[in-house]
Every structure is written in structure tokens, then in C-alpha cells.
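Atom set for the values below is all heavy atoms of this structure, side chains included, hydrogens, waters and symmetry mates excluded.
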Amino acid sequence: MSYYGFVPVDSTVRTVSSIESRLKYENIFLIKLKFKAKTDIHVSSGIKKLVKKGKILEILMKHYRDSKGFPAIPGSSFKGAVSTNFLALTGNAEMTSNLFGATRVRAVISKLFFSELKPDKKDLKEVEALRQWAPRIRKQRHIKFYVARAPNTAKYGLIECIPAGSILEGQISGYNLNELELGGLLVSLGYGIENATFKIGYGKPQGFGQLELIDVKVSELKFEDFAFKEIPRKPEEFAEKFKKKFEERIERYAKIIFAGVGYA
């Protein structure tokens with residue numbers, strides 16, 4: 001049984017040959033998002049500690065927290081997961097780099113800004129975790145996605161998790177966005193994809209980090225009377241244009257990109 005699927009792309013190296021201008025500020029959009037955690041989610045803070053469970057000492061991996069000590073999924077992790085999905089859906093590293101940014105050869109800043117995803121409750125749960133699945137197989141010019149639960153490995157320790165069932169909210173803002181980029185951004189979140197699972201964080205081969213997009217609001221920001229005015233837009237008008245442009249790839253690879261992973 002294969003526990004992962006590969007999606008071909010023209011390159012996994014984020015580079016641009018022609019940089020789009022960042023000096024103008026047009027086509028500014030704000031996307032407000034709401035996800036539901038289908039499984040427990042862990043994004044590491046990089047901090048580990050020893051905790052006593054009965055007579056046993058165990059490693060506990062701490063979840064990321066914001067400056068006020070509230071658990072969250074950092075914007076950088078959120079952006080990384082979305083950009084990976086976008087590259088897989090388009091197969092186009094140039095388009096991905098112009099939208100999300102690139103640092104190699106010719107640096108270009110992102111046209112997008114990602115907030116943290118914050119859960120509705122502060123309480124975390126401690127969950128037993130196994131060592132990450134091996135082997136780490138790679139395939140040149142392909143992106144790997146887990147599509148089924150990998151075999152059990154040795155126990156690693158405990159991880160702090162945002163509990164399954166939590167509601168997480170955040171937002172993405174962007175400027176100089178064309179309709180295909182905005183549509184692709186929405187579809188990369190799972191919008192308009194049947195039974196889509198958005199995956200993020202630690203332990204994806206064990207079923208951790210699975211989210212369901214449950215609400216999206218898109219607004220276009222217009223500068224009027226020395227202030228920005230939010231004009232509601234229908235997300236489907238952008239998503240459908242992207243889906244039409246990349247129909248063949250979406251039909252072929254969406255089930256791999258947005259596959260749910262069995263969770264014990």
C-alpha cells in the first residue's frame with residue numbers, strides 16, 4: 001500500500017525570471033477564514049521538556065504560542081502549507097514564486113500576508129506521538145502528500161495539541177492580485193474541492209494536523225475618503241476561474257493534495 005502520492009511540478013525551486021512590480025498598490029483583497037480541526041493539531045515551538053507520568057519521564061513537545069501565551073498556528077507555517085498546495089495545483093513554480101515570494105537568484109517579496117490561525121479555546125491536550133514516518137522518499141520535480149496513515153513506528157513521546165473539534169480563525173491579505181492568483185489561493189485552502197482536507201504541522205503521516213475549511217469571506221479594499229472600505233466579493237467568482245484554467249490538474253491531483261489521512 002502506498003501511504004503518499006506524488007504531484008509533478010515544473011520545479012520545486014522557488015525562482016522568478018520576470019519580477020512583477022511591487023511599487024503599485026492595486027487589487028487589494030482581504031480573506032477571512034474559519035477552519036474546523038478534524039484531528040488534533042501540533043505545530044512545534046521548538047521547546048521540549050521532560051514531564052513525569054506516574055513513575056516514567058517522557059518528552060513533551062510544546063505547541064507554538066503567540067506573544068500572549070495563546071496557542072496558535074504561526075502565519076509562516078500557514079503560508080508554507082498554502083504555497084505548497086498552490087504549487088501542486090498549478091504545477092508552475094514561476095507563478096507560485098511571484099505570488100508567495102522567492103529568495104534564490106532574484107529575490108522577490110510575497111504579495112500575501114498571513115495571520116496566525118487562532119483556536120477558539122486556549123486549552124491544549126497532551127497526545128502520545130510516534131516517531132516520524134520513514135523512509136523520507138523524494139522524487140525530483142514532484143511534491144509528496146500523505147494520503148493514508150503510515151505504519152506505526154516507535155513511540156516518541158507526548159505532544160501538545162490543539163484538540164480536534166476546535167474552530168480556528170485567521171486571515172490573508174494581498175495586493176496586486178490578479179483573478180487567477182486569488183482564485184488559486186482560495187482553492188489551495190480547499191475551497192470548492194469536495195471533501196477537502198487541509199493538512200498542516202507535525203505528524204501528518206500519523207493523521208495529525210487535518211483541517212476543514214468551513215467559512216470564507218472575501219472583501220476588496222478600496223481607498224475612499226482617506227480610509228479603506230471593504231467591498232464584499234463572492235469567492236466562487238475567483239475560484240471558478242482558477243478551476244477552469246487548471247481543470248485537468250485539479251481533476252487529476254486534488255484527491256492527492258487534499259486527501260484525508262486515517263487517524264487512530
Side-chain angles (χ1 to χ4, degrees), residues 14 16 18-36 66 72-103 107-118 167-194 196 198-200 211-247 249-250 254 257-258:
R14 304 287 177 87
V16 292
S18 177
I19 298 176
E20 296 178 5
S21 173
R22 296 300 195 266
L23 299 179
K24 61 180 182 178
Y25 295 94
E26 302 173 344
N27 301 329
I28 304 171
F29 289 89
L30 177 65
I31 305 169
K32 296 180 181 179
L33 305 162
K34 189 179 290 187
F35 290 92
K36 182 176 182 179
D66 65 15
I73 295 175
S76 56
S77 299
F78 185 25
K79 179 182 178 182
V82 177
S83 65
T84 297
N85 289 354
F86 187 93
L87 176 58
L89 287 166
T90 61
N92 189 317
E94 176 90 7
M95 184 177 178
T96 305
S97 298
N98 257 315
L99 180 58
F100 290 90
T103 57
V108 57
I109 63 172
S110 174
K111 294 196 283 186
L112 300 170
F113 303 91
F114 287 73
S115 78
E116 295 175 331
L117 288 177
K118 295 194 174 181
I167 303 299
L168 299 94
E169 296 188 43
Q171 63 182 38
I172 305 168
S173 56
Y175 68 106
N176 297 346
L177 302 180
N178 61 49
E179 292 183 338
L180 276 183
E181 289 175 330
L182 181 53
L185 177 61
L186 291 167
V187 177
S188 297
L189 297 163
Y191 181 83
I193 303 295
E194 187 176 1
F198 181 85
K199 298 184 284 281
I200 193 168
L211 296 164
E212 176 188 4
L213 184 66
I214 59 175
D215 189 50
V216 179
K217 290 183 174 63
V218 176
S219 299
E220 186 172 4
L221 303 184
K222 295 285 189 179
F223 192 69
E224 295 181 6
D225 299 325
F226 302 100
F228 281 106
K229 180 180 179 182
E230 290 189 28
I231 302 170
R233 299 291 299 270
K234 294 180 179 179
E236 59 267 26
E237 69 176 286
F238 304 104
E240 289 305 316
K241 289 178 180 178
F242 178 85
K243 289 167 73 176
K244 184 176 181 180
K245 171 73 174 179
F246 293 96
E247 181 177 8
R249 285 190 65 88
I250 292 171
I257 298 167
F258 297 107

Quick one: are Leu112 and Val82 in side-chain contact, heavy atoms under 4.5 Å? no
Taken in chain and number order and not counting sequence neighbours, the residues that satisfy side-chain hydrogen bond (donor to acceptor under 3.5 Å, both in side chains) with Lys34 are none
Roughly how far, to the nearest 0.5 Å, is the CD atom of Glu169 from the NZ atom of Lys118? 11.5 Å
How close do Glu230 and Leu221 get, counting heavy atoms only, and between which atoms? CG-CD2, 3.3 Å
Spacing of CG belonging to Leu177 relative to CG belonging to Leu99, to within rounding of 0.5 Å: 6.5 Å
Applying side-chain contact (heavy atoms from CB on, under 4.5 Å) to Glu220 and Lys222, what does each step give before you reach the verdict? CA-CA 6 Å; Glu220 186 172 4; Lys222 295 285 189 179; 3.5 Å; yes
Flag the pair Leu30 / Gln171 as yes when at least one side-chain heavy-atom distance between them is below 4.5 Å, and no otherwise. yes
Closest non-hydrogen atom pair, Ala88 against Ile257: CB-CD1, 3.6 Å
Value for CD1 (Ile73) from CG (Leu211), rounded to nearest 0.5 Å, stands at 5.5 Å
Quick check for you: to the nearest 0.5 Å, what is the distance between Leu213 atom CG and Leu168 atom CG? 11.5 Å
Quick one, Lys79 and Pro74 - any side-chain contact, counting heavy atoms below 4.5 Å? no
Stepwise ring-ring contact (aromatic ring centres under 6.0 Å, His included) check, Phe198 with Phe35: CA-CA 9 Å; Phe198 181 85; Phe35 290 92; 5.5 Å; yes
Under the ring pair (Phe, Tyr, Trp, His ring centres under 6.0 Å) rule, collect the residues that match up with Phe78, sequence neighbours excluded. Phe114
How far apart are the C-alpha atoms of Tyr25 and Phe223, what are their side-chain angles, what is the distance that settles it, and do they pass the ring-ring contact (aromatic ring centres under 6.0 Å, His included) test? CA-CA 10 Å; Tyr25 295 94; Phe223 192 69; over 10 Å; no
Supply the atom-to-atom distance Thr90 OG1 to Arg249 CZ, rounded to the nearest 0.5 angstrom. 6.5 Å
Flag the pair Ser83 / Arg14 as yes when at least one side-chain heavy-atom distance between them is below 4.5 Å, and no otherwise. yes
Separation of Ile31 CD1 from Ser173 OG (nearest 0.5 Å): 9.0 Å
If every non-hydrogen atom of Lys245 is compared with every non-hydrogen atom of Leu180, which pair is closest and at what distance? CB-CD2, 3.8 Å
Note: Val108 and Ser97 closest approach over all heavy atoms is CG1-O, 3.9 Å
pair Asn176-Asn27: side-chain heavy atoms closer than 4.5 Å: no
So that I can tick it off, tell me whether Lys244 and Glu247 are bridged by a salt bridge, with the cut-off set at under 4.0 angstrom between side-chain N and carboxylate O. no
Between Ile172 and Phe113, is there a side-chain heavy-atom distance shorter than 4.5 Å? no
For Val218 and Pro235, work out which heavy atoms get closest and say how close. CG2-CB, 3.8 Å
Evaluate the side-chain proximity of Lys199 to Phe258: yes if any heavy-atom separation is below 4.5 Å, no if none is. no
Glu212 and Lys36 ion-paired at < 4.0 Å: no
For the pair Glu181 (side chain) and Asn178 (backbone), establish whether a donor and an acceptor sit closer than 3.5 Å, ignoring hydrogens and angles. yes
Please lay out, stage by stage, how Phe246 and Phe242 fare under the test ring-ring contact (aromatic ring centres under 6.0 Å, His included). CA-CA 6 Å; Phe246 293 96; Phe242 178 85; 4.8 Å; yes
With a 6.0 Å cut-off on ring centres, are Phe238 and Phe29 close enough? yes
Val187 vs Leu89 side-chain heavy atoms within contact, under 4.5 Å: yes
With a 6.0 Å cut-off on the ring centroids, do Phe86 and Phe100 count as close? yes
